Amino acid sequence: MGFTLWNLFEATLLCLNAVCILHEERFLAKIGWGINSNVQGFGEPQSVKFQILNLIRSIRTVMRIPLIFFNVATIFIKLLLG
């Protein structure tokens, strides 16, 4: 089995799905990464933790609808081509 663009697409799709299903109150709050844990003042440098939380929230916001179509297309292609 070689490393192809299809494998890279599937791996990216799975990672994006995993990020989108993370629940802030159930999972992220237990490890200290909840909504209230990132209070910062104006002009302060953003920490790595804050940047990761912003990335998770933006992926969840922007990729919600496109992920539905990518998942459906991937399922149909897998069903048709094996």
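Remember, predicted model here, so these are calculated numbers, not experimental data.
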How many angstroms lie between atom [atom1] of [X] and atom [atom2] of [Y], to the nearest 0.5 angstrom?
| X | Y | atom1 | atom2 | value |
| --- | --- | --- | --- | --- |
| Thr4 | Phe9 | OG1 | CZ | 11.5 Å |
| Asn17 | Ile68 | CG | CD1 | 10.0 Å |
| Leu5 | Thr12 | CG | OG1 | 10.0 Å |

Which atom pair, heavy atoms only, marks the closest approach of [X] to [Y]?
| X | Y | value |
| --- | --- | --- |
| Leu16 | Met63 | CD1-CE, 3.9 Å |
| Thr74 | Glu10 | CG2-OE2, 4.4 Å |
| Leu67 | Cys20 | CD1-SG, 3.4 Å |
| Ser58 | Leu55 | OG-O, 2.9 Å |

Please say yes or no: joined through hydrophobic side-chain contacts below 4.5 Å, possibly via intermediate residues, are [X] and [Y] part of one cluster?
| X | Y | answer |
| --- | --- | --- |
| Val19 | Val48 | yes |
| Leu22 | Leu53 | yes |
| Trp6 | Leu81 | yes |

Report task. Please confirm whether the backbone N or O of Ile59 pairs with a side-chain atom of Arg64, one donor and one acceptor, at under 3.5 Å? Result -> no
